[in-house]
Structure formats: structure tokens, C-alpha cells
Amino acid sequence: MSCVLLAIISFFTTTGTEAARAAPHILFVLADDYGYHDIGYHGSEINTPTLDKLALEGLRLENYYVQPICTPTRSQLLSGRYQIHTGLQHDIIWPTQPNGLPLDSPTLADKLREAGYSTHMVGKWHLGMYRKDYLPTSRGFDTYFGYLTGSEDYFTRDRCYESYCGMDLRDNLEPMNQTGEYSTHLFTQKVINIMKNYDGSKPLFIYLAFQAVHSPLQVPETYTHPYRHIKDQNRRIYAGMVSAMDEAVRNITEAFRAKGLWDNTILVFSTDNGGEILAGGNNWPLRGWKHSLWEGGVHGVGFVHSPFLNETVKGTVSWDLMHVTDWFPTLVHLAGGSLNGTLPLDGIDQWETINGQRISPRNEILHNIDPLFERSGKPAYNGTFDTSVRAALRAGDWKIITGNPGNSSWIPPPDANFAFFKSNQSVNFMLSKTKNVWLFNIAKDPYEDRDLADEYPSKVKEMLDRLSYYQSTAVPCHYPKSDPRADPKLHGGFWGPWE
Ligand SMILES: *[C@@H]1O[C@H](CO)[C@@H](O)[C@H](O)[C@H]1NC(C)=O
Ligand SMILES: *[C@@H]1O[C@H](CO)[C@@H](O)[C@H](O)[C@H]1NC(C)=O
Ligand SMILES: *[C@@H]1O[C@H](CO)[C@@H](O)[C@H](O)[C@H]1NC(C)=O
Ligand SMILES: *[C@@H]1O[C@H](CO)[C@@H](O)[C@H](O)[C@H]1NC(C)=O
Ligand SMILES: *[C@@H]1O[C@H](CO)[C@@H](O)[C@H](O)[C@H]1NC(C)=O
Ligand SMILES: *[C@@H]1O[C@H](CO)[C@@H](O)[C@H](O)[C@H]1NC(C)=O
Ligand SMILES: CC(=O)N[C@H]1CO[C@H](CO)[C@@H](O)[C@@H]1O
């Protein structure tokens, strides 16, 4: 009896406290191809004073995972669902592909709008555009300013793909022929304008998906000047791009403060995947990089900052296992919204974990199962998951990788004084074609230096069985052929909907 009573009282207390605080503003900043090593607090030679300060005042997520490439991470962020459940298992959405994040389930923006938020997106979409109903303004965003594909020019907005070239910039549905300004500045100004025009009637959700720091390697020269000692040209320009992004975040947080919104804002900062070594990024000391299933591809930079975080959490590091799908239920919860109408989520509400009230309930992450990736070797075991298929799974401290995991080297930042601890791996980008199962204890060996697959065959078998289970829940992979009707020439010189 008294137990029941206590439970009821504590229920009302919690609800009361949360209701007392107006729904927080949510600022989600996603960097593109931002490497694990490339933030100051991971020992980088690149200066990121703003990001460092925010992270050191907030909560650094050091056991936080994203997907190895662009569309997959964005699709999981906005749907809360693994790629095996959206049909986007393979690769990205290329500009000419009639593909998109399926319309069968609401996006994070849909749910926040439903919870009473004013929702805005600025920057890179990359979740499909062949029909108007796949565009951000049809997926829960009240306003959108940005580009729909990827890899365009930072100043001219030109994007060439296959034999097609076009511009890619839009204000809501309107194509914008606006060139000259560096996209990091342009997008920052757009976010600041949203703030300036904000009338205070609803809480704000802003999803800022920077073009930075993805290739092409471009930045105004003032930003590379502090890095003129870096001899490697790609790294030098990349460092400048990171600095511009850091300054952008400073300007945006200042605008939030000026408007008096900061004290009730939660900022989430995340990369979309590991750094691209070939384009200046770096993930040292992690193994592998963008595209790969090694930690360098998926172990992401991420932190949360908010004045209303629990005081016991501020300035600390979380080693709780978290995944990019978790933001969906976490932020909907924080917004006081509901998850009704969603298909089963793979994300877990992590608000109490972030706020220091419990340890992460997440024990597993399906990094991916890609049925279309080129097979590698022969199945290593019968009657379980086919190890020639590219896949990876984390379960507790353990991680299994099968198939072709992608580039496998440890690459220290150019010009930096780090000794290789795997000198020979550094020249062997790809592994042999016959081996196709690796097992690591990530807690003890975050660098994936010691493959335990031969030592623990029963653990391997157990994890392969688990992959088989996940595979049994997968929807067919959707990776359509290029459609010539996408040609920007047919659409006024712009990439955009063609159906
Ligand atoms: C940040 O604001 C300063 C001062 O207004 C401006 O000079 C700079 O270009 C801005 N940077 C970005 C990235 O928007
Ligand atoms: C979820 O619930 C809200 C509030 O009751 C309602 O407005 C909305 O239509 C529902 N959404 C879905 C997708 O069922
Ligand atoms: C803050 O965190 C502490 C320690 O984890 C916890 O005991 C407390 O309940 C939290 N306070 C609030 C208001 O959530
Ligand atoms: C799997 O079964 C096939 C057919 O029975 C057999 O030839 C092969 O050696 C088995 N492979 C393994 C790894 O046990
Ligand atoms: C792996 O590295 C090689 C050599 O640098 C590069 O050509 C290739 O594109 C990389 N592959 C992937 C999947 O990143
Ligand atoms: C954009 O404007 C420039 C200058 O007016 C023009 O040359 C170019 O063709 C325009 N591009 C598109 C795609 O409309
Ligand atoms: C074990 C092994 O292959 N070691 C080689 C690694 O690379 C260095 C430098 O090329 C060689 O000297 C080692 O023999």
C-alpha cells in the first residue's frame, strides 16, 4: 500500500518538475565527415575552442556510435530506425536515384512539430528528393534552406554526378541561384535569421546539417592561415574548414544567448560518420575511416550541452553505449511528445542516461548488414549468418565484423608526431580477401588491435546467430538504378524532384 502511494507521489513529482520547465529549444548540429581525432578535446592539432568549451561544460559522449556514411546516419537520426528496417542498407542515395527515407513512419521533425514545436532545417538533406513528398518541408520541417544531395561546391553550389551537372540550393521548395558565400557562413546566417524572426510562441527545433567538413576541400584563406605550418595540403585546408565550423557554432550560440533562449536550449553536436582520410580527416587512434565498419568509421564525435543538464553531469564524460537512432525517442521525450504512429524504433530513449539518472539500457548496436556490398570469402560457419556478407554488430563489450569491413589502417594525422603502433598496417589499406570474421573486445581494445575470433569461436557463433536474427527482421534493400529524368538540365539547371 505505502509502496503504491510512494510510486504515485514520485510519478507526480517527476511529471510536475518536467512540466514546470517550458519545453526546451532543441538545436541539433550535425557535422559532415568530421573525424574522431579532429576535435580539440581528443588531442587534435586543430583548434576548436567553441566546441571544446561547450563539450567541457556539457556531457561528452565517448561510447557514441553513428553509421559509416552519410545517408545512413541521417536516415537513422530522423527515423529512429536501423537501415535494415528502412531499406537503406546499401551505400548512400545518389543524386539520380529515385530513392528516399520511406514515408511509412514519421520523422523526428514530424513528431516535434506534433508536440508543438516550430521546426527548421538548414543544410544538407541527403534523404531523397525524386518526389516532392521526400523533401524536408514534406517531412516535418516548417522551413528548409539547404541542399539536397552531397559533395557540392561550397561557393558555387555546383554538383556533378555521372554525366550530369547542376546547382543545388533551395529555400523551402524554391531553387536559389545564390553563389559566392561560403556555405558555413551562409548556413550560419540562416540559423541566426530564424532566431531573429522567432516570435517566442512555440519552442524551436533547429536541425543544422553543415556541409562542413566534407570534401571538396575549400575554405576562405583566413581560416587556413593559423595552420600554415601543416605541410599536408589536404590536412591544412581541412583544419581551416573545421575552424570555420567552430566559429559558426560560436556565432549561433551567441545568437541564442542574445535572444534569451540559451538557458532553455539543449544542443546536441554529432558527426555523421568517421573522417575521410583521403580528404584531410583523421580518426587516430581508431582503426579505419569513413565507409568502413572499423571504429574509425562508426565511433563518432558527439556531445550534449545544456544549462539545464543535471549539475552532476555537467563537465563529465559518459561511457554509456549510445547510438544515433537514440536521438529520436530521446528528443521526442524531452519535447513532451509521443511516439504514437511510429513503426517499431531501434532507438532507445536515453534522456535519463544523459541526465545522470541511470546507466544506458542499450546493450547492442547493429552497425549494419549490407546485402548488396561485394561478398568477401566463403561462409566461415554453416547454419548461421553468412560471413561473406558485410555486417557488424556490437553486443556489450564485444564487436563482430564480417565480410569486407573496408579500409583497415591506423593512420596518424599527417605532420603530427605520433609513432605508428602498427607500422605495417599503415601501408596495407585493404586486408586479404579470404579472412571475413573479426572479433574484438572494444572495452579492452578500442583500437581493434587484437582479433579474438580464433580464440573465442563460441562468442563468434553467438554473435553470428544474433546477426541472423537481425537479418530475419530486415526489409528488402532498396537501391534503384539511376534515372536520367533527374538530369538538372530538365529542371532549370537545378538538382531537385523529377517525378
Ligand atoms: C561569425 O561572426 C563574425 C562576426 O560577426 C563574422 O565575422 C564571421 O564571419 C562569422 N562566422 C561564421 C562562420 O558565420
Ligand atoms: C499522435 O497523437 C497526437 C496527439 O494525441 C495526435 O495529434 C497525432 O495525430 C497522433 N499521431 C499519429 C501519427 O497517430
Ligand atoms: C542528478 O543526478 C544525480 C546523480 O546521478 C541523481 O541522483 C539525481 O536524481 C539527478 N537529479 C535530477 C534532478 O535529475
Ligand atoms: C558447410 O557445409 C558444406 C556442405 O555440407 C561443407 O562442404 C562445408 O565444408 C561446410 N563448411 C563449414 C565451414 O563447416
Ligand atoms: C580505401 O583506400 C584506398 C587507397 O587510399 C582508396 O583508393 C579507396 O577509395 C578506399 N576505399 C574506401 C572504401 O574508402
Ligand atoms: C545563375 O546565375 C548566373 C548569373 O546570372 C547564370 O549564369 C547561371 O546560369 C544561373 N544558374 C542557374 C542554374 O540558373
Ligand atoms: C612484421 C613485419 O612485417 N615487419 C615489417 C614492417 O615494416 C617495416 C618497415 O617497412 C619492416 O622493416 C618490418 O620488417
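Numbering of residues begins at 1 and proceeds along the displayed sequence.
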### Query
Does a salt bridge link Asp168 with Arg157, judged by any charged N lying under 4.0 Å from a carboxylate O?
no
#### Entry: Check: Lys259 side chain, Tyr198 main-chain N or O, donor-acceptor pair, under 3.5 Å
yes
### Query
Looking at CE of Met463 and CG of Leu393, how far apart are the two atoms once the value is rounded to the nearest 0.5 Å?
4.0 Å
### Task
Mark yes or no for whether Arg113, through its side chain, and Tyr117, through its backbone, hold a donor-acceptor pair below 3.5 Å.
no
### Close side-chain approach of Trp262 to His305, heavy-atom, < 4.5 Å
yes
### Query
Could Asp38 and Arg235 be called an ion pair, given the rule that one side-chain N must be under 4.0 Å from one carboxylate O?
yes
### Task
Tell me, with the steps shown, if Arg139 and Leu103 meet side chain to side chain contact (heavy atoms under 4.5 Å, CB included).
CA-CA 8 Å; Arg139 308 302 309 264; Leu103 304 174; 3.4 Å; yes
### Query
Taking the six-membered ring where the residue is Trp, are the ring centres of His42 and Tyr36 under 6.0 Å apart?
yes
### Query
Angle class for the Phe145/Phe187 ring planes (parallel below 30°, perpendicular above 60°, tilted otherwise)?
perpendicular
### Message
With rounding to the nearest 0.5 angstrom, report the OG1 to CD1 distance, Thr402 to Ile400.
### Response
6.5 Å
### Task
Taking all heavy atoms of Ser376 and all of Gly403, pick out the closest pair and write down the distance.
CB-C, 3.7 Å
#### Entry: Where at least one partner belongs to residues 104-214, residue pairs that pass disulfide bond (SG atoms under 2.5 Å apart), sequence neighbours excluded
Cys160-Cys165
### Task
For the pair Ser138 (side chain) and Tyr134 (backbone), establish whether a donor and an acceptor sit closer than 3.5 Å, ignoring hydrogens and angles.
no
### Message
For a 4.5 angstrom cut-off between non-hydrogen side-chain atoms, does Thr137 reach Thr143?
### Response
no
### Query
Okay, side chain of Ser105, backbone of Leu343: is any donor-acceptor separation there less than 3.5 Å?
yes
### Query
Should Met167 and Asp158 count as side-chain neighbours, where that means a heavy-atom distance under 4.5 Å?
yes
### Query
Taking the six-membered ring for Trp, are Trp498 and Tyr130 parallel (under 30°), tilted (30 to 60°) or perpendicular (over 60°)?
tilted
### Message
Could you check whether Arg394 pairs with Glu364 (Lys NZ or Arg NE/NH1/NH2 to Asp/Glu carboxylate O, under 4.0 Å)?
### Response
no
### Query
Any Lys/Arg nitrogen of Asp272 or Lys124 sitting under 4.0 Å from an Asp/Glu carboxylate oxygen of the other?
no
### Query
Going by heavy atoms in the side chains, are Asn273 and Val298 under 4.5 Å from each other?
no
### Query
When Tyr207 is tested against each of Leu78, Thr107, Thr119, Leu108 for side chain to side chain contact (heavy atoms under 4.5 Å, CB included), which residue passes?
Leu78
### Query
Can you tell me if Gln97 uses its side chain to pair, donor with acceptor, with the backbone of Trp94 under 3.5 Å?
yes
### Message
With heavy-atom distances below 4.5 Å as the criterion, would you say the side chains of Arg131 and Pro497 are in contact?
### Response
no
#### Entry: Main-chain N/O of Leu88 paired with Gln83 side-chain donor or acceptor, under 3.5 Å
yes
### Query
Judged by atom type as modelled, is there a donor-acceptor pair below 3.5 Å linking the side chain of Asn197 to the main-chain atoms of Asn193?
yes
### Query
Using the benzene-type ring in the case of Trp, are the ring centres of Trp294 and Trp410 under 6.0 Å apart?
no
### Backbone N/O of Gly288 and side chain of Ser408: donor-acceptor pair under 3.5 Å
no
## Note on the structure
Minimal heavy-atom distance between Leu30 and Thr271, with the atoms involved, is CD1-O, 3.6 Å
### Task
Go through the steps to decide whether Tyr82 and His323 satisfy the test ring-ring contact (aromatic ring centres under 6.0 Å, His included), and finish with yes or no.
CA-CA 10 Å; Tyr82 287 152; His323 184 243; 5.7 Å; yes
### Task
Decide if the gap between the ring center of Tyr182 and the ring center of Tyr154 is smaller than 6.0 angstrom.
yes
### Query
Is Asp32 salt-bridged to Arg74, cutoff N-O under 4.0 Å?
yes
### Message
What I want to find out is whether Glu448 reaches Lys399 closely enough, with some N-O distance under 4.0 Å, to be called a salt bridge.
### Response
yes
### Message
Measuring only between side-chain heavy atoms, which start at C-beta, is Pro405 closer than 4.5 Å to Trp438?
### Response
yes
### Query
Is the shortest side-chain N to carboxylate O distance from Arg159 to Asp153 below 4.0 Å?
no
### Task
Verify the neighbour count for atom CD of Gln178: are there more than 12 heavy atoms of other residues, nucleotides or ligands below 6.0 Å?
yes
### Message
I'd like to know if the side chain of Asn283 and the backbone of His37 have a donor-acceptor N/O pair within less than 3.5 Å.
### Response
no
### Message
On a heavy-atom basis, which atom in Pro95 and which in Thr149 lie closest, and how many Å separate them?
### Response
CB-CG2, 3.9 Å
### Message
Treating Trp351 as the side-chain partner and Ile354 as the backbone partner, does any N or O pair qualify as donor plus acceptor under 3.5 Å?
### Response
no
### Query
To the nearest 0.5 Å, how far apart are CE in Met322 and OG1 in Thr330?
8.0 Å
### Query
Are Tyr65 and His367 an aromatic pair by the rule of ring centers under 6.0 Å?
yes
### Message
Rounded at 0.5 Å granularity, tell me how far CD1 in Ile266 sits from NE2 in His25.
### Response
12.5 Å
